[in-house]
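Position 1 is the first residue of the sequence, and the numbers go up from there. We count ligands from 1, going down the list as the structure has it; atoms in each ligand are counted the same way. Since the model is a prediction, treat every value here as computed from it, not as a measurement. Keep in mind that the numbers below use all heavy atoms, side chains included, and drop hydrogens, waters and symmetry copies.
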Amino acid sequence: MQKPTLAVIIPCFNEELCIKSTVVTLLRFLDLLVSAEKIKKDSYLYLVDDGSSDRTWEIIENLHKNDSRVKAVKFIRNFGNQKALIAGLDGVRDIGCDCAVSIDADLQQDENAIEKFVEEYVKGADIVCGIRNNRETDSFLKKLTALMFYKTMNLLGAKIPVNHSDYRLVSKKAIDIMKLYPEKYLFLRGFFNELGLKTSYINFDVKPRLAGKSKFNFMSLTALALNGITSYSVVPLRFVAVLGFLMALFGFLIGLETVIEKVFWHNSPNGWATAIILLCIFGGIQLFCLGLIGEYVGQVFREVKARPRYIKDIELR
Ligand code: UDP
Ligand code: MG
């Protein structure tokens, strides 16, 4: 295969401390790949400013003035990292490229892996997933919840590779297919995995953040995980139905046992405690199931409104 035109997508939200050095590093890296004849000269960076309230956009404008390979788009407000990535993929589809890599603005993901990504692409892969070697930079809580998330997703049938963040290469073919998916809350990790295109995996090291703080907190990660689950699996809904059936069966058997005891041994059922405990357990299970169904109703509600995924303010090409 011919050497490709590579687009590197970088979502940025309040990254004034990192963005300049990230862009300089990545441009230098593009130069390196060009001189090694791995990619074409017209390869470029595509920055998506996810409604930053700091100097991020100002810095991006300056970088664009100095080097036309720095292209960018700015949202009118914060839409979240997934939307920024989607906008990045839409943007590079419009501008044109053979393949695109998405990488975080804090360069936590080792950028040198991009070379291996491109090699896999040239060998014929349409999707190359970066798999992190370690989670040393993560807190205990993040490690635990991440593990729970990947296990749950795999249990539910959405086979997402463990420890794959949104660091990946996708071919033009995959980006074009994305256009066929109108769903607003597209979960990219699930989507690219589900396509069934030829996929490779490359391991990479995770570094500490260049500067600044993580833009994710426990709540936003939970929201991402719930969206991942409810947009890729209805198994939890079936689970609720089975659970309801088992509970009813249990109640029926206990009732039967009580009647038999009363008729044959004249034993009256006793135990207030038992009644209260069962009441609480079943009440709890019912509320949990209602909440779970509510998540799906919420997903339907958001999709049905069909609001735009993101709104662009300014684009620099
Ligand atoms: N990000 C974004 N919108 C948001 C939150 C984060 O575009 O609402 C970007 C952020 O600028 C960074 C990437 O998503 O480039 C990953 O964020 P971060 O490094 O804060 O997450 P972590 O590495 O801690 O998971
Ligand atoms: Mg980070």
Side-chain angles (χ1 to χ4, degrees), residues 7-26 45-60 63 70 72-92 100-111 113-114 130-150 160 162-168 184-189 204-228 309-315:
V8 180
I9 297 166
I10 311 157
C12 334
F13 178 52
N14 292 344
E15 299 285 6
E16 62 180 2
L17 298 175
C18 301
I19 197 64
K20 188 161 179 203
S21 81
T22 296
V23 166
V24 171
T25 310
L26 288 176
L45 307 182
Y46 192 74
L47 286 79
V48 184
D49 181 348
D50 187 8
S52 301
S53 52
D54 63 0
R55 290 182 52 248
T56 303
W57 184 249
E58 204 183 310
I59 301 170
I60 293 176
L63 291 164
V70 181
V73 65
K74 178 181 163 57
F75 285 175
I76 57 167
R77 65 163 165 88
N78 180 251
F79 282 87
N81 155 282
Q82 286 289 298
K83 305 291 170 55
L85 287 171
I86 293 173
L89 292 164
D90 288 343
V92 302
V101 172
S102 46
I103 189 166
D104 287 352
D106 54 7
L107 278 197
Q108 279 196 282
Q109 297 129 332
D110 180 15
E111 69 278 5
I114 295 179
I131 306 287
R132 46 200 292 179
N133 282 329
N134 54 51
R135 285 193 164 265
E136 276 150 30
T137 55
D138 283 355
S139 65
F140 172 74
L141 188 69
K142 196 159 173 185
K143 274 185 220 162
L144 184 75
T145 44
L147 186 73
M148 270 163 52
F149 171 71
Y150 289 112
I160 298 182
V162 176
N163 286 344
H164 163 52
S165 45
D166 279 305
Y167 186 30
R168 74 172 84 75
K184 304 292 172 187
Y185 283 76
L186 195 63
F187 183 63
L188 290 172
R189 267 170 253 188
F204 71 90
D205 288 325
V206 182
K207 298 177 277 185
R209 208 171 214 285
L210 264 183
K213 284 198 305 251
S214 171
K215 306 294 178 296
F216 281 97
N217 55 33
F218 185 68
M219 288 306 277
S220 53
L221 283 172
T222 310
L224 181 68
L226 276 177
N227 180 42
R309 280 172 173 160
Y310 54 83
I311 300 169
K312 289 195 236 176
D313 188 1
I314 312 170
E315 191 162 14

Could you tell me whether P11 approaches ligand 1 through its side chain, its backbone, both or neither, with non-hydrogen atoms closer than 4.0 Å? both
Partner residues of R209 under the side chain to side chain donor-acceptor pair (under 3.5 Å) criterion, sequence neighbours left out: E15, D106
In short, V48 meets A84 closest at the heavy-atom pair CG2-O, 3.6 Å
Subset of ligand 1 atoms that lie under 4.0 Å from at least one heavy atom of D106: 19 (O), 23 (O)
F79 ring centre to R77 NZ or CZ under 6.0 Å, with the angle to the axis within 45°? yes
Contact check, side chains of L47 and C12, non-hydrogen atoms, under 4.5 Å: yes
Count, excluding waters, the protein N, O or S atoms that are closer to the Mg ion (ligand 2) than 2.8 Å. 2
Shortest protein heavy-atom distance from atom 24 (O) of ligand 1, along with the residue and atom involved: S214 OG, 2.5 Å
Any idea which of D49, N217, N78 brings a heavy atom closest to atom 8 (O) of ligand 1? N78
Shortest non-hydrogen separation from I131 to H164 and the atoms involved: CD1-CB, 3.9 Å
Taking all atoms of both residues into account, what is the closest heavy-atom pair of N14 and S52, and its distance? N-OG, 2.8 Å
Distance-only donor-acceptor check, side chains Y167 and E111, under 3.5 Å: no
List ligand 1 atoms under 4.0 Å from D50, heavy atoms only on the residue side. 2 (C), 3 (N), 4 (C), 7 (O), 8 (O)
Stepwise side chain to side chain contact (heavy atoms under 4.5 Å, CB included) test for L63 and K20: CA-CA 8 Å; L63 291 164; K20 188 161 179 203; 4.2 Å; yes
Backbone or side chain, does any N or O of A84 fall under 3.5 Å from an N or O of ligand 1? no
Do me a favour and list the nearest non-hydrogen protein atom to atom 14 (O) of ligand 1 with residue, atom name and distance? N81 ND2, 2.9 Å
Check I19 against I59 and note the closest heavy-atom contact, atom names and distance. CG2-CG2, 3.7 Å
Interatomic distance, NZ@K184 vs CD1@I86, rounded to 0.5 Å, equals 10.0 Å
Element-labelled atoms of ligand 1 that are located less than 4.0 Å from some non-hydrogen atom of F216: 17 (O), 21 (O), 25 (O)
May I ask you to check whether over 12 heavy atoms, not counting those of K215, lie within 6.0 Å of atom NZ? yes
Number the atoms of ligand 1 from 1 as they appear, then name those within less than 4.0 Å of a heavy atom of E15, with their elements. 10 (C), 11 (O), 12 (C), 15 (O)
Regarding atom 18 (P) of ligand 1: of the candidates Q109, K213, Q108, R209, which has the closest heavy atom? R209
Of all the atoms in ligand 1, which lie at a distance below 4.0 Å from a heavy atom belonging to K215? 5 (C), 6 (C), 18 (P), 20 (O)
Do the non-hydrogen side-chain atoms of Y185 and K83 ever get within less than 4.5 Å of each other? yes
Any atoms of ligand 1 less than 4.0 Å from a non-hydrogen atom of K142? List them with their elements. 22 (P), 24 (O), 25 (O)
